[in-house]
Amino acid sequence: MCDQLDFASQRKSYQHMDLRHHVRDIPDYPKPGILFRDITPLLAHPDALNASVDEMAKPFLDQKIDVVAAAEARGFIFGTPLAMRLDAGFVPIRKPGKLPFDLHSFAYELEYGTDELQIHVDGIKPGQRVLIVDDLLATGGTVEACLRLLEKCDAEIVGCSFLIHLVALGGEARLSPYHVHSVLDYGGDDAEDELSIQNRPPGPSI
């Protein structure tokens, strides 16, 4: 009983944490004019990491999620703990050459060429309720490709959950009509506009 009380008290303290204090702003990375949102300090802080996962899961706790799906690589960071919070399975979406079994594939256009995402044919069954997870929503290209891939699997897509949303880059519109949830929204006054230089639609989110 004592352990349960301690856990509940700890969870309550997470609600008052300002997660922005754990996201480091790095100007002019990876090129001049870009403001990079570095989440590694947040990942290294146990309470901030737990709070982030809790907030990403919160709108979906009563949605009977069967599977959490995420694309490599940073999507895996939050996808697995979110699956555990939601009592769901986790299914990785990967680049070509990484999965050994029979596959569903989806190729999509980048600014300079194409890319492809793959998932095992038995990873998601038709009709399963799926939540897509990533660390960041920017232009939305990669997550849009994930949506198209999961539609090929006849999944019931419940929504998409992100830690960070760079609102000015318009990625949310590309994920319509699916529900989009984000924990930290950064607006146009936060200098993300320059990110579109390296990652214009229909390229992947970064």
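Just so it is clear, the model here is predicted, and its values are computed rather than measured. Only this structure's heavy atoms are used, side chains among them; waters, hydrogens and symmetry mates stay out.
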Within 45° cone of Y186 ring axis and under 6.0 Å: R20 NZ or CZ: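 Satisfied, under 6.0 Å and within 45°.
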R148 to Y108, cation-pi by 6.0 Å centre distance and 45° axis angle: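 No, cation not above the ring by the 6.0 Å, 45° rule.
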Please answer whether the main-chain N or O of [Y] pairs with a side-chain N or O of [X] as donor and acceptor at a distance below 3.5 Å.
{"X": "H120", "Y": "F101", "value": "yes"}
{"X": "E55", "Y": "S52", "value": "no"}
{"X": "R129", "Y": "Q63", "value": "yes"}
{"X": "D28", "Y": "G33", "value": "yes"}

To the nearest 0.5 Å, what is the distance between [atom1] ([X]) and [atom2] ([Y])?
{"X": "R24", "Y": "D38", "atom1": "CZ", "atom2": "CG", "result": "4.5 Å"}
{"X": "I93", "Y": "L117", "atom1": "CD1", "atom2": "CG", "result": "6.5 Å"}
{"X": "S176", "Y": "E144", "atom1": "OG", "atom2": "CD", "result": "10.5 Å"}
{"X": "F60", "Y": "D62", "atom1": "CZ", "atom2": "CG", "result": "10.0 Å"}
{"X": "M56", "Y": "K58", "atom1": "CE", "atom2": "NZ", "result": "13.0 Å"}
{"X": "R37", "Y": "I39", "atom1": "CZ", "atom2": "CD1", "result": "13.0 Å"}

For residues L150 and I119, determine if any side-chain heavy atom of one lies less than 4.5 Å from a side-chain heavy atom of the other.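 Yes; the side chains approach each other to less than 4.5 Å.
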Please check if any side-chain donor atom of E109 sits under 3.5 Å from a side-chain acceptor atom of T114, or the reverse. no
Evaluation steps, side-chain contact (heavy atoms from CB on, under 4.5 Å), between L147 and I132: CA-CA 8 Å; L147 290 171; I132 298 177; 3.3 Å; yes
Measure across [X] and [Y] and return the closest heavy-atom pair with its distance rounded to 0.1 Å.
{"X": "C153", "Y": "H104", "answer": "SG-CD2, 3.4 Å"}
{"X": "A70", "Y": "V133", "answer": "CB-O, 3.3 Å"}
{"X": "A83", "Y": "G89", "answer": "CB-O, 3.7 Å"}
{"X": "A51", "Y": "L19", "answer": "CB-CD2, 4.0 Å"}
{"X": "L175", "Y": "C160", "answer": "CD1-SG, 4.3 Å"}
{"X": "R174", "Y": "G140", "answer": "NH1-C, 4.2 Å"}

Hey, which of L49, D47, L43 is the one that makes side chain to side chain contact (heavy atoms under 4.5 Å, CB included) with H45?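 Only one of L49, D47, L43 forms a side chain to side chain contact (heavy atoms under 4.5 Å, CB included) with H45, namely D47.
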V130 pairs by side chain to side chain contact (heavy atoms under 4.5 Å, CB included) with which of V158, V68, I124? I124
Residues E72 and K95 bridged, charged N to O under 4.0 Å: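 Salt bridge between E72 and K95, a charged N being under 4.0 Å from a carboxylate O: no.
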Looking at R74 and D134, is there a salt bridge between them, counting it only when a charged N and a carboxylate O are closer than 4.0 Å? no
Given side-chain contact (heavy atoms from CB on, under 4.5 Å), test F162 with L136 step by step and report yes or no. CA-CA 6 Å; F162 305 92; L136 180 142; 5.9 Å; no
Distance flag, aromatic centroids of F90 and F76, threshold under 6.0 Å: yes
ILVMFWY cluster, [X] and [Y] together (side-chain gap under 4.5 Å):
{"X": "L103", "Y": "V91", "value": "no"}
{"X": "Y178", "Y": "L149", "value": "yes"}
{"X": "V121", "Y": "F106", "value": "no"}
{"X": "M17", "Y": "L82", "value": "yes"}

Just wondering, are more than 12 heavy atoms of other shown residues or ligands nearer than 6.0 Å to CG in D122? yes
More than 12 non-hydrogen atoms from neighbouring residues, nucleotides or ligands closer than 6.0 Å to NZ on K152, yes or no?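 Yes, the 6.0 Å shell around NZ holds more than 12 heavy atoms from other groups.
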Check the pair L137 / I164 against side-chain contact (heavy atoms from CB on, under 4.5 Å), numbers first and verdict last. CA-CA 6 Å; L137 173 61; I164 291 175; over 6 Å; no
Quick one: do H165 and E172 satisfy side-chain contact (heavy atoms from CB on, under 4.5 Å)? Show the steps, please. CA-CA 9 Å; H165 180 192; E172 185 171 2; 3.4 Å; yes
